[in-house]
Amino acid sequence: MRFPPAFIERLRSHFLMSEVVGKRVPLKKFGREWKACCPFHNEKSPSFTVNDEKGFYHCFGCGAHGDAIEFIRKHERLSYPEAIETLARDAGIPLPEVSPETIRRIESYKQQQDVVEAACQWFEKQLHSASHVDALSYIEKRGINPSTIRQFRLGYAPDERTSLHNHLATSGYNVEQQIEAGLISRSEDGKIYDRFRGRLIFPIRNASGKVIAFGGRVLNNNNKNIAKYLNSPETDLFKKGEVLFNLDLAKRPARDKNTVVVMEGYMDVVSTAQGGIDYAVATLGTAVTAEHLRLLWQLSKEPVFCLDGDAAGQRAMLRAAEIALPLIAPGHSLRFAVLPKGEDPDSYIQKHGKEAFEKLLAHSKRLSQVLWETLSPQYKLNLAEGRAGLEGAFTKLAKQINDPTVRQHFVSFFKKQLWEATSSKKPAAKTRSTKVEQVVAQHHSTALEMLTSRMLKTLVIFPSLLERASVEEFVSHVTIATPRLGTLRDAILVLAHDDHVSEPESFRVKLIEAVQESWCIEFVADALKLPYSSTLSAGDAVVLWNETVSAYQIAHMQHELTVLQEQVGGMDEDGLKRLVDLQNAIRSAQTARTFAPMQSDVA
C-alpha cells in the first residue's frame, strides 16, 4: 500500500461525497440523500444514490458501490493510486513522499490503531472496577448516566505509574508500539511511565468512529502543577488540528438541523448531548484551525461557537474570528453564542434545560457584530483619536478577508456601526420650550421641504461633499418631516462612510440598492437633470452647498418665526424670548447671505 491510512482518512473526510460526485454527475436532493441516473450503466429512472452521512454511493440498478476514491477510480477509469492523486490535487493536499520512513509508518499505522483500541477497552473496564469507585462517582455526580458513559466510551486511567503499560505488554504490544501510539512516555533516565494517570478518560474518535487518541481530565486537583486536561501527543493517527471531538456522532444530527455547535470542553459536549443537543463538537484544547472550519462548514454554513462568558471565552472568540477571517466567503461564516458569566454549556443545560439552550443558540451573533462589540469598548469614540484607532483596527481585520464581496460588506457594516455609535454620543442641542417645539412641529413648510430636497440632490450629484465632517454633521441634524426624504437622508449618511463617495456613479448605484424603492430611482434621475449637475467643479459644488445650507437655515428660522407669531397670545416666556431671538438672527443672516434663489426642485 503506497499511501498511509491517515492520509487516506484525511482525504476522504476533506470532501462531502456529493461534492465529489456532483462535479461529474448532475445530482438532485432526495431527503437525506442525492439521486441521479447511474453513470456506470444506462437507465432512464434514477437508481444511483449518494449519501454524505455514510460517505458512499450506491446504485440499486447495477450494484455499483464505494467511497469517493472508488468513484473517481471507476468514473475516470484510473488506478487506485491515480484516483487518490486526483482527489488530493482537487483538495490541494500534498501527496506524502514515498520513503523508507513512510513505508514504516504505513506498516505501523494498523498496529497503532490496535494498541489504542486495546487501551480504550482497558480504560473502560477500569472505570467500572470496584477499586476505582471514586472515578465513577465523580461522573455520576456530574449527572452523566450509564447510557451516555457507554455511548462516549468514557474510562478511567488509574493513578499508577505503569498499570496501562503492563496490561498492553501482556497483550503483546512492545514498548515502542506503545510510545508511538502516545500511550506511554520515557523519562530522561530511560524509565517508562503511563501518560495518563489518575484521569477520567475521553476517547477521541476520527470521522469514521475509530478511536485514535485520548483526552484525560485529572480527578485529584490537589497538585496545582498538574494540568487539568491532557491530550495524547500527535501521532500518525492523531493530528489535533484536524480532529473535532464527537464529529462522528454529531455530523448526522448537525446536517439534519443545518447547524453545529462548537464548544471548548469534552464534558460540555457529553453533557449537552445527554440533554438533547446532539450536534455539538469540541476543539481539542487548541485554537480553531482552518481544517476545523472546513470540517464545520461541511455541516453548516454558519457554525455556532458557544463560549464561556469569562475572559478566556472572549479570547477564544477572538482567536476563532481571526482564523476565520481569511476563509469566510459568501454563505460561509461563523456565529457566536456567549453564555452568562460563570456558566459553561454543561452547567447551563443542566440548570435551564434544552429549550433554554436552543434559545441561546438562536440568538447567537454574527462574526461582524461580535468583532464590533469586542473592539469598540477599547476605544473612546467621543474623541477623534479613538474613532481613528478603532477604524484602523477594524480595517486591519477587514484586510485579512480574501473574498472581495464579503470584505466590502464587512467594511460597510463597520462604518454604519461607527456612524450610529458616534451619532448617539453627540451632545444634544440645547432644547427650547417643549410647548414651542410641539407647536412648530405641527406646522408643515413647503419651503423647508424644497430646500431639504435640494440639499439631498446636491449630495446625490456631488457625494464627495460627504467627506467633509461639517456636511455630514449638518445633514444628520436636519429635521425632515417627509418619510421618503428621511429614508433617503439615513441611507446617504450610512454610505457617507463608504469608499464610494469619491465615485459618484458607484455611490448612486449603492444608494438605490440601499433604499430599494422606485421613487429613489426617480429622485436620483431628477437630481441629474438639474442644470448644474454636470457643469459645476468641485470647488463650485462647495459654494453651492454653502448657499443651500444658508437658505435652509433662514427658511427654517422664518418658518419657526411665522408659527410663533401665530401663537403669540398664548406663548410662555421662553417662547417670547425665542421669537425676539429669531427676528434678530434672520436679519443678521439675510444681511450676510449670498444665496440666489434657484429653480424649484421639490421632491
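Sequential numbering from 1 along the given sequence is applied to the chain's residues.
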Rounded distance [0.5 Å steps], NZ in K251 versus CG in L244: 12.0 Å

Return yes if some donor-acceptor pair links the side-chain N/O of E322 with the main-chain N/O of Q400 below 3.5 Å, else return no. no

Check whether N246 reaches the backbone of A280 with its side chain - one donor and one acceptor, N or O, closer than 3.5 Å. yes

Which is it for F414 and L397 under the side chain to side chain contact (heavy atoms under 4.5 Å, CB included) test, yes or no, and what are the steps along the way? CA-CA 11 Å; F414 162 72; L397 288 175; over 6 Å; no

Heavy atoms only: give me the nearest Y57-D67 pair and the separation to one decimal. CE2-O, 3.5 Å

Which value, rounded to the nearest 0.5 Å, describes the distance between D403 atom CG and H332 atom NE2? 11.5 Å

So does V20 get a backbone contact from the side chain of R24, meaning a donor-acceptor N/O pair under 3.5 Å? yes

Nearest non-hydrogen partners of A290 and L327, listed with the distance: CB-CD1, 3.6 Å

Smallest separation among heavy atoms of V260 and A254, with atom names: CB-CB, 4.0 Å

Mind checking whether F336 and V262 have side chains closer than 4.5 Å, heavy atoms only? no

Are the side chains of F48 and C37 in contact, using a 4.5 Å heavy-atom criterion? no

Begin from the C-alpha positions of V50 and L16 and carry the test side chain to side chain contact (heavy atoms under 4.5 Å, CB included) through to its verdict. CA-CA 10 Å; V50 175; L16 290 175; over 6 Å; no

Just wondering, more than 12 heavy atoms not from K29 lying within 6.0 Å of its NZ? yes

Smallest heavy-atom separation, L293 atom then A324 atom, equals CD1-CA, 3.6 Å

Min side-chain heavy-atom separation M17-F71 under 4.5 Å: yes

Assess whether a salt bridge exists between K365 and E373, defined as any Lys/Arg side-chain N lying under 4.0 Å from an Asp/Glu carboxylate O. yes

Which word best sums up how the rings of Y348 and H352 line up, parallel for under 30°, tilted for 30 to 60°, or perpendicular for over 60°? tilted

pair V269-F245: side-chain heavy atoms closer than 4.5 Å: yes

Taking the side chain as every heavy atom from C-beta outward, state whether F523 and L511 have any pair of such atoms under 4.5 Å apart. no

OG1 of T548 to CE of M455, rounded to nearest 0.5 Å, is 8.0 Å

When rounded to the nearest 0.5 Å, the distance separating CG of D526 from CD1 of I521 is 12.0 Å

Do N51 side-chain atoms and E33 backbone N/O form a donor-acceptor pair below 3.5 Å? no

For R489 and L456, indicate whether the former's side chain and the latter's backbone hold a donor-acceptor pair under 3.5 Å. no

Using a 6.0 Å distance limit plus a 45 degree cone around the ring axis, check whether K257 lies over the aromatic ring of Y279. no

Could you tell me whether the side chain of W372 and the main chain of L367 form a donor-acceptor pair under 3.5 Å? no

Mark yes or no for whether E385, through its side chain, and Y379, through its backbone, hold a donor-acceptor pair below 3.5 Å. no

Would you indicate whether the side-chain heavy atoms of L465 and V542 approach each other to under 4.5 Å? yes

R12 (side chain) donor-acceptor with A68 (main chain) under 3.5 angstrom: no

Side chains of H292 and I323: closer than 4.5 Å at any heavy-atom pair? no

Between L381 and L418, is a side chain to side chain contact (heavy atoms under 4.5 Å, CB included) present by the stated rule, with each step listed? CA-CA 8 Å; L381 300 186; L418 182 60; 4.3 Å; yes

Minimum heavy-atom separation for A329 to V406, with atom names? C-CG2, 3.6 Å

Atom pair CZ (F507) and CZ (F462), whose distance is rounded to the nearest 0.5 Å: 13.0 Å

Checking the side chain of R407 only, and the main-chain atoms of I401 only, is there a donor and an acceptor separated by less than 3.5 Å? yes

Does any N or O in the side chain of Q378 come within less than 3.5 Å of the main-chain N or O of T374, such that one atom is a donor and the other an acceptor? yes

Assign the ring pair F410 / F394 to parallel, tilted or perpendicular, where the plane angle (0 to 90°) is split at 30° and 60°. parallel

Check A250 against V281 and note the closest heavy-atom contact, atom names and distance. CB-CG1, 3.8 Å

Using side chain to side chain contact (heavy atoms under 4.5 Å, CB included), reason through H363 and K359 one step at a time and then give a plain yes or no. CA-CA 6 Å; H363 288 85; K359 186 176 181 180; 3.8 Å; yes

Any chance you could measure L544, atom CG, to I461, atom CD1, to the nearest 0.5 Å? 8.0 Å

Is D90 close to I72 at the side-chain level, that is, under 4.5 Å between some pair of heavy atoms? no

